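Before any comments, here is the structure.
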Amino acid sequence: MAFRAAVITFPGSNCDRDMAVALERASGEAPLRVWHGDAALPDRLDFIALPGGFSYGDYLRSGAMAANSPIMREVVRAADRGVPVLGVCNGFQVLAEAGMLPGALMRNASQHFICRTVDLRVENARSLFTAGYAAGGTIRIPVAHHDGNYFADTETLDRLEGEGRVAFRYVTNANGSQRDIAGVLNSAGNVLGMMPHPERAVDPAHGGTDGLTLFESAIGALASA
Amino acid sequence: MKVRVLVSLKPGVLDPQGRAVHHALEGLGFAGVDDVRIGRTVELDVADDTSDAALQDMCEKLLANTVIENYRIEKLG
């Protein structure tokens with residue numbers, strides 16, 4: 001069965017092609033490309049990816065403008081129907097701004113843009129995105145962001161942890177994120193936002209392929225559904 | 001009608017920018033600065049009959065992120 005994925009491009013997205021390459025590598029199918037101003041998503045989607053970048057030049061707040069673009073209303077509807085949605089970096093910021101995930105991504109505590117490969121601990125290996133990883137295992141994935149400092153109030157953080165919705169944590173806190181959180185799931189488990197870039201770790205030439213497992217997990221989850 | 005919206009980080013939310021500016025002020029020799037918090041001002045020119053509820057809605061939906069920010073609406077007339 002063909003894997004039908006879509007990558008959404010906003011003005012200022014810059015990891016959309018990388019995301020498309022990663023999805024094609026994992027599935028063998030080139031994903032569909034969707035522009036932010038499109039009124040509708042392609043039908044029968046199996047997966048939606050919101051890529052990294054600097055949508056709308058990070059005007060107002062990172063992700064705030066993209067979260068209110070026409071296509072996001074459709075992405076919200078698709079997620080409500082259970083379509084898996086992955087937001088990476090700016091895509092995570094968009095999901096948080098759209099209210100699809102709790103919390104907010106603030107300026108890094110160091111004030112610096114960080115760009116390096118980091119160790120992540122897989123906290124939840126049961127989600128459709130993470131089933132291919134070993135629970136508690138460590139993976140290496142690049143980060144590249146200025147606004148990745150995850151903030152939520154104590155009650156929300158407790159709830160996320162209690163419900164197993166922290167997907168990944170930084171082994172060494174990279175940006176000041178509360179409780180070292182690098183990626184979170186929605187309550188239904190079909191929306192994942194993460195600051196690190198799995199699409200930048202899908203080829204040995206990237207220095208590692210730990211990111212490929214995430215895409216393969218999602219494809220595997222669909223095949224077994 | 002001119003309206004000014006002041007957006008500020010909630011108390012307790014770390015403001016790395018404010019901290020860096022605080023540090024810089026100290027470096028310049030300004031004593032007695034206890035804290036620095038950086039916010040944002042949005043100036044709107046809206047129809048005179050714009051309701052308070054509509055202004056509040058603009059803040060909640062876009063101008064402020066209420067997870068981390070408070071806002072105050074000032075009508076300048």
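Just so it is clear, the structure is predicted and the values come from calculations on it, not from any experiment. Chain A is the first sequence line, chain B the second, and so forth, proteins listed ahead of strands; every chain is numbered from 1.
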Side-chain touch B:Leu14/A:Met106, heavy atoms, less than 4.5 angstrom
no
side-chain hydrogen bond (donor to acceptor under 3.5 Å, both in side chains) partners of B:Asp49, counting only residues at least two apart:
none
Looking only at N and O atoms, which donor-acceptor pairs between chain B and chain A are within less than 3.5 angstrom?
from    : atom 1 : to      : atom 2 : distance (Å)
B:Arg40 : NH2    : A:Leu60 : O      : 2.6
B:Leu62 : O      : A:Arg61 : NH1    : 3.0
B:Leu62 : O      : A:Arg61 : NH2    : 2.8
B:Leu63 : O      : A:Arg61 : NH1    : 3.0
B:Asn65 : ND2    : A:Glu97 : OE2    : 3.2

Among all residues two or more places apart in sequence or in another chain, which pass the salt bridge (charged side-chain N to carboxylate O under 4.0 Å, His left out) test with B:Asp48?
none
May I ask you to name which of B:Leu9, B:Val13, B:Val42 has the most heavy-atom pairs under 4.5 Å with chain A?
B:Val13
Return the minimal non-hydrogen interatomic distance between A:Ala109 and B:Pro16, and the atom names on each side.
O-CB, 3.5 Å
Could you pull out the closest heavy-atom pair between A:Phe151 and B:Ile68, with the gap in Å?
CD2-CG2, 3.3 Å
With sequence neighbours excluded, tell me which residues meet salt bridge (charged side-chain N to carboxylate O under 4.0 Å, His left out) with B:Asp34.
none
